[in-house]
Amino acid sequence: MTVPDVLSPSTLTEALDLLRRHAGRARLIAGGTDLIPRLRLGENRPAVLINLSRVSIPGLRREGDWIIVGAGMTHSALARAPEIRKHFPALACSCQSIGGRPVRNRGTIGGNLANASPAADTAPALLIYDAELRLLRSEGERCIPISELFTGPGATVLREDEMIVEVCLPLPRPRSGASFIKLGRRQSMAIAVVSVAARLTLDAADCAAEVRLAMGSAAPVPFRAATAEGLLLGAPLEEERIRAAAAAAREAAAPISDLRATASYRSRMVEVLARRALYLAWEAARV
Amino acid sequence: MPLLVSSGAGDSPPERPMPELEVVGHPAAAVRAHEIVTGRALYTRDLGIPGTLVGRLLYTPIPCGRIRRLDVRAARRLPGVTAILTAADISGENSYLYSIPDQPLLAFDFVRFQGEALAAVAAENEEAAARALEAIEVEVEPLPGVHDVLEAMRPGAMQVWPDRPNVHSRLVIERGKVDRGFARADVVIENQYLTPWVEHAFLETEAALAMLDNTGTVVVYSPGQSPHRDRRQIARALGLPEVRVRVITPAIGGAFGGKDEAHVQIHAALLAQATSRPVLIERSREESIRTHVKRHPVQVRYRTGALRDGRLTAIHVEAIGDTGPYLGAGAEIMACLAATVFGPYRVPAARIEACTVLTNNPVCGAMRGFGIPQGQFACELQMDDLARRLGIDPLEVRLRNGLETGDEIPTGVRMRQAGGMKGCLIEAARMAGWDRRREIERAPAPHLRRGWGMASILFTVGMGRNVPDFAGASLDMALDGTVSLRTGASDMGQGAHTALAQLAAEALGVPLESVRVVVPDTDQAPNAGPAAASRTTFVSGNAVLRAAEPIRHTLLQIASEKTGLPLNVLGLRGGRLIAEGETLSLNVAELAREAALQSRGLHADGFYAMEYPEPHPPDAYPYAYSVFTFATQVARVLVDVETGQIKVEEIVAVQDAGQVVNPAAALGQVEGGCAMGIGYALLEELIVHEGRTLNNSLEGYLVPTVRDVPPIRARLLEYPEPFAPYGAKGIGESSLTPTAPAIANAVADAIGVPIRRLPITPERVLEALERGEDGRVR
Amino acid sequence: MSEMRIRVTLNGAPMELRAEAGKSLLRILREDLGMTSVKEGCGQGDCGACVVVLDGEAVNSCLVLAAQADGAEIITVEGLALQGVLHPLQRAFSEMWAFQCGFCAPGMLMSAYALLLHTPSPTRDEIEEAIEGNLCRCTSYRAVIEAIDAAAGEQRRGGLAAGAPDA
C-alpha cells in the first residue's frame, strides 16, 4: 500500500489544528480497522494520516440525564461498560457484534460513524437512542442529531477539518425497552446483511409513548423508518400493528444487491427483523 | 471386532489400542509441537536470509485477451529493481502443472484466465517492487471468453484454444446392463446437482524462497505437497539437470490440495537464477485467491433406478467439470469422481460419464477430496430422494444397499475390506439417536424447523491402478540409538510426520522421542510422491516399515549373539531388548555401538509401491482404486424458515481408519474435515463473473469461525486394511466428504424440500420453500 | 515518508528502533524485531493470524501502525515461556493437538493469553468470544477451546500470575 505521512498529535487541539492545516488531504486514524484495509487496497489515498492514539478524549461520563461517550471509545469497551449495558443494551449488543475481539479492541465508535458504511453496526442503535454528536473543529463546535450525520454511502456532513469527539446519549425514560438484531452470513466476523434496532417506551396505559425503529444495510444510509414508527405511536401494541409497522419499514427500505445478498432478500429481512426487534423491545419494556 | 477411539462431549475416553502396539495407536503430541507453540516453527517467510530480494509477479489486468504489448524496459531502469523476467527470459520450458503442463509460467501471446502471470520482478524492497509492477507497460486486447461450461460444450461454440476442443475428455465407466437395470426398476429418479468453485483458504498463502548455493545449485524453500515433483518442474523451467535443483519443505501453513501444484516456486527459482541472489516471492491473500487452483465446480445429472424395497438396480451419471483453460490434473479429478460416484453401495449396473471442459474461468485443481466430494454429494442426496419416494427410512435404504467385503463395484474391483461401510453407518446412527430422532421437537418455535440428515460415503486411498504410486523412506540409527527418518512426504498439518515417526518407532522398538523426522529435502530424502490422495500413511508408512526391518534385524542378531538367546524369542520395546516379553538390561544404544564395532550398518532405505495383486477384469476401468475408506456423518440442523438461516446443531462423524496411528491427530482430522464441510455446505462459494472472482478476500469469502462450528462427536472405527502398515490408512479427505451432503439432507428433512446446490444459502432456502417439492411456485 | 523513533516494551524488554511511521506493527515485529511467530494471513484484520497482545489487549498487528505502537507494551508468543518453562497455554496447545498446521496457533495463543489476563475462569462462551476473530482452517476449534480451558484451570491451580513475563 502507498503509505502516507503519519502525524501524531498529543492533544485534541493539536489534532484539530493539523486537520485544519491539511484539510482535504488528511484522514484521521484511530483504530484503523476500516481505514487500513481501504488504504491497503488503494481505495483511499490520503497524503496524510492524523494518528489519534496519543490524543486522549474522555471516555464515558454521566452529565445529568445524559451519558457522554468519547468518540475514541472502542467497541469492546462500550460493549462491557456497565452504564451502556444497563441503559443502552441495544448499543452494547451492536458493539459486541462487530468483527472479532481483536477488531473490537481497536475499532472506535467515532471511527465506525465517520467511516459511514451503510452497514455501520453502531448506527441503528444510536438512531433509536436519539444520540447527538458533538463535532469539533479549530474554529468551534456544533451538535447534530445522529440522523443528520450520514449523507450517503461513505459520506457524512463532517467538514474536512472537523471530527466527532463525543456521542451524547439521553437516558431513556422508564418503561423503555430496546433490541438489536443483526443478520450476517456467518455467526461472527460478518458484515451485516441487514440490521435492525428498535425501542419502545410504554405509557401508563401500555400504549407506545415512544417508538424508534432503525435499519442498517437497507438503504444508502442507516435510517429510521418514520412511517412505521408513526403506525405504532400512541396506540396499544398488538400483533396486527406490529406487522403493519414491519411492512411499512420494508416499504421505506431501499437496499442494494451485492455479494452478500440480493435487494429482494434484504427487503424481506427488513420486515422479518423489524417485527422481531419490535417484539423484543416490547418484551424488554414490559419487564 | 472393531476398536473404538472417540471424542466429544459425554463420550467415553479412548480405549486402549491393541495390546502389542507401544507407539502406534497412542495419542502422542505432534513431532513439531514444541516449535509451533514457542513460535519457532519456520514457515517459508520466516527463514530470513540476508540480502533477499523481494519477488513479485505481474498478473493480467483482464481474464481473457491477446497480449499486445508487454514492455518492461522502463521498469527495469527504476532504482532498486534488480531483474524483470518475461517469457523470453525463461531458459528452459515455459510451462508447468504436474500432470499436463499446459500452463505458461509467464504468458506471452494470450491471457486465458484472471490469474495469468505476465512478468516476474525482483527488487531490493517492497516499495521498489511495487513501483516496478506499476511501471511495466501492459496492453491486453480484450477477447470474448468462454465462461459458461454448458455453452462451451455445444458444437460450434467458441473455443478456448485454437487447436484443442473445449471438451477435453469424456471418460466412460460402464459395468452391467444399465438399460435392463432401469427397465426392471420400480422407481426411477433423476436430479441435477450443482457445486461451486471453492477456495482452499489455507492460512499461509503461497511463498517461495529461492537462491543459489555455493555450488551453483538452485535451492528452493517452499510449502509444497511434493518436493521431488516440484524439483522436476523447476529443473525443467530453468533448463537444469534435476540434481542441480534442491527443494526443501519448511513448515507448511495448510495446503488441502492447493499447494499440490507448483505455485510460485518456479518463478522464484527463475529470479534467483537471473539475479544470483536469494529471492522471496509471497502472494498477498488477494493474489492467492485470484491465482491458485480451485476446487472444480461440477454439475452432476444423476439417474437412479431402484426396486420398491430400495435396492438399487442401475445408475446413470453424467458429470461435467469446469477446469479453466489449463488442464493440469483436471481430467484425473473428474476420473476420480467418476470412479466413486456410485457411493458405498452395491450397484448392479452403472454407466458413468465424466467430462472435463476447458473454459476461461479460474484454473481448477486438487482440493481435499479430488472430485470425490462433488460426486458423493450428488450420490447421497439421490439416496435420500429415493428414501423419500419409497417411504423408506434413509438409514434403511443405505443398509439395504451397503457394500460388504468381497462385493464388486462398477470399476470392476472387489472390496478387500468393506466392514467399515455398515460399521460406520450403524455406529453413526446409534450415536446420533437416529431411531429416536422424531421424539425431539421438530418445530421448537413457529419459525424454526429441525431436521436430521445422514451421508455415507466411499473414499479412496492412493492414486489408482496403473498410476505411479510409490514412496521411499530412509532410516538411520546413530550410535546412541536415536533415529533419523528422512522422507519426501510433506506434513501440511495432517500429522504425516508424527504418524511416520510413530510407525518407525513401533517397528524399531524405540521410544517416539528418539525418532527425529528430518525436514523434507530432495538432497536427503527419497521421493515419496505427493502428500495427496490420503496416501501418505499407507504408502510412505510401508516404506518406513521396509526401512525399519533390516535395521531391526541387525540389532536383534547382535542381541542374539550377545545373549546367546535364539532370535525368535527376542524383541525390542521402548528402546530396550526384551526376551519372551521380559525386559532385559541391554538397550538399543549398546546394540548400536556393538553394530558399529562389528562394521555392521544401521541404515536402510525402504521402498513401497501400492500393490494390486488381484486380477483385474480386462474390460474394467483400468485406473481403479482398491483401497477404500468409509465414513458416515449425521447432521442435525435448525432452520429459520423466515430468514432462511441454518444453524448446525450437531454433527456425528464416524470414520473407518484401518488402524488409528495417532488418535488425537486422527480425531482432529475428522473434526477439521467437518468444519471445512460446514463451510462447503453453507458458506463457501467463489463468485465468478465473466472469468473474474468477485470475492477475493477473507472478508468476501467466508470460512467457518468458532461460532459457526457446533459440537462434533467423532469416533474412529478400526477395520484393519490389508497391505497397510499395521492396517492403517489415511482419512484426511474422507473426513470432509460426508459433511455437506449430511447437512443438505438435514435441511431437506427440516423444510420438506431438497436443495441440490451448494452452498445452501439463506436465499436458496427461502427460494426452495417457495418452490416446494414438486417444483411449483407457491 | 516520515521515519520515527519507536520505543516499545517487547516481551518485557525495552526495545528501540527506527521505522516509518506508517509501517505496520506486524512487519515491525517480524522484520525489525525478529518475532517471526507473528504471522500474516490476510493483511486486513479478517483472520487473526497476526494477533499480539498490546497494552493488555488482543489486537491485529496488521492494523496497528508504528506510530500507534510507540510506547506500547507488546507480548508475542516468544514471550510466553518463562526461562524455558512453557506457559500453561503452550503446554495445553501442544499436548491437546490444539493446532494442526500451526499457522493460526500464535494468534490463537495470544488471543487466549489476553483472555486469561482479564478472565482467569472463562466460560465456554467467553473462550469462544476471545477466539472468534481467529480463523483456523485445520481444526474444528474444539481442541483449541479445550486447551484454553485446561490452561485456565492449570493457572488457577498453580496460583500463577496471568503470565506477564518478568514484570
Side-chain angles (χ1 to χ4, degrees), chain A residues 1-10 18 27-56 72 74-77 79-80 95-108 111 184 186-191, chain C residues 1-6 19-27 40 42-72 107-108 110-115 118-119 122 125-135 141:
Chain A
M1 79 185 190
T2 338
V3 187
D5 244 350
V6 180
L7 306 173
S8 300
S10 314
L18 286 172
R27 286 211 69 114
L28 295 166
I29 181 167
T33 57
D34 281 317
L35 185 54
I36 290 179
R38 286 220 304 277
L39 290 175
R40 185 164 170 275
L41 297 173
E43 285 170 24
N44 261 96
R45 288 177 199 260
V48 170
L49 289 181
I50 300 172
N51 164 32
L52 294 175
S53 59
R54 290 192 197 147
V55 174
S56 84
T74 64
H75 301 304
S76 61
R80 64 171 179 265
C95 288
Q96 185 62 22
S97 79
I98 296 173
R101 189 62 192 259
V103 165
R104 294 195 284 276
N105 284 339
R106 295 287 293 171
T108 63
R186 65 182 172 188
Q187 294 304 306
S188 174
M189 292 227 285
I191 297 177
Chain C
M1 248 292 274
S2 44
E3 231 193 38
M4 60 182 287
R5 182 182 60 183
I6 297 164
E20 282 172 357
K23 187 170 179 179
S24 73
L25 178 59
L26 166 62
R27 289 186 59 199
E40 176 167 342
C42 71
Q44 52 182 43
D46 291 325
C47 73
C50 70
V51 168
V52 300
V53 173
L54 186 147
D55 292 338
E57 290 194 316
V59 304
N60 293 305
S61 58
C62 67
L63 296 179
V64 178
L65 302 180
Q68 300 179 309
D70 186 28
M108 285 282 187
M110 298 325 295
S111 284
Y113 180 82
L115 170 70
H118 303 290
T119 313
D125 185 66
E126 285 167 328
I127 293 174
E128 287 191 13
E129 197 245 349
I131 62 168
E132 66 186 5
N134 292 83
L135 293 181
Y141 302 98

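Order of the sequence lines fixes the chain letters, A, B, ..., with proteins taken first and strands second; residue numbering starts at 1 for each chain. For the numbers below, each heavy atom of this structure counts, side chains included, while hydrogens, waters and symmetry mates do not.
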> Where do A:Asn51 and C:Leu65 land on the side chain to side chain contact (heavy atoms under 4.5 Å, CB included) test, with the steps shown first?
Replying inline: CA-CA 9 Å; A:Asn51 164 32; C:Leu65 302 180; 5.9 Å; no
Under a 4.5 Å heavy-atom cut-off, does chain A meet the side chain of [X], its backbone, both or neither?
| X | value |
| --- | --- |
| C:Val51 | side chain |
| C:Ala67 | both |
| C:Asp46 | backbone |
| C:Leu115 | neither |
| C:Met4 | side chain |

Can you tell which part of [X] gets under 4.5 Å to a heavy atom of chain C, answering side chain, backbone, both or neither?
| X | answer |
| --- | --- |
| A:Ser76 | side chain |
| A:Ala30 | backbone |
| A:Arg38 | neither |
| A:Thr33 | both |
| A:Ile29 | both |

> Looking at C:Gly43, C:Ser24, C:Ser111, which has the largest count of heavy-atom pairs under 4.5 Å with chain A?
Replying inline: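 Answer, by heavy-atom pair count under 4.5 Å with chain A: C:Gly43.
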> Side chains of A:Gln96 and C:Glu129: is there a donor and an acceptor less than 3.5 Å apart?
Replying inline: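 A donor-acceptor contact under 3.5 Å links the two side chains.
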> Which atom pair, heavy atoms only, marks the closest approach of A:Pro102 to C:Asn60?
Replying inline: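 Where A:Pro102 meets C:Asn60 most closely, the heavy atoms are CB-ND2, 3.6 Å.
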> What are the two closest non-hydrogen atoms of A:Arg104 and A:Thr74, and how far apart are they?
Replying inline: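 The pair with the smallest heavy-atom distance is O-CB, 3.4 Å.
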> So A:Leu18 and A:Val48, side chain to side chain contact (heavy atoms under 4.5 Å, CB included) or not? Walk me through it.
Replying inline: CA-CA 10 Å; A:Leu18 286 172; A:Val48 170; over 6 Å; no
> Between A:Leu41 and C:Gln44, is a side chain to side chain contact (heavy atoms under 4.5 Å, CB included) present by the stated rule, with each step listed?
Replying inline: CA-CA 10 Å; A:Leu41 297 173; C:Gln44 52 182 43; 4.0 Å; yes
> What residue, out of A:Gly100, A:Gly32, A:Ser53, has the most heavy-atom pairs lying under 4.5 Å from chain C?
Replying inline: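 The option with the most such pairs is A:Ser53.
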>> Before you tell me yes or no, could you show the steps for C:Leu63 and A:Arg106 under side chain to side chain contact (heavy atoms under 4.5 Å, CB included), namely the whole-Å CA-CA distance, both residues' side-chain angles and the distance that decides it to 0.1 Å?
In response: CA-CA 9 Å; C:Leu63 296 179; A:Arg106 295 287 293 171; 5.9 Å; no
> Should C:Arg27 and C:Glu20 count as an ion pair when the cut-off is N to O under 4.0 Å?
Replying inline: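 No, no charged N to carboxylate O under 4.0 Å.
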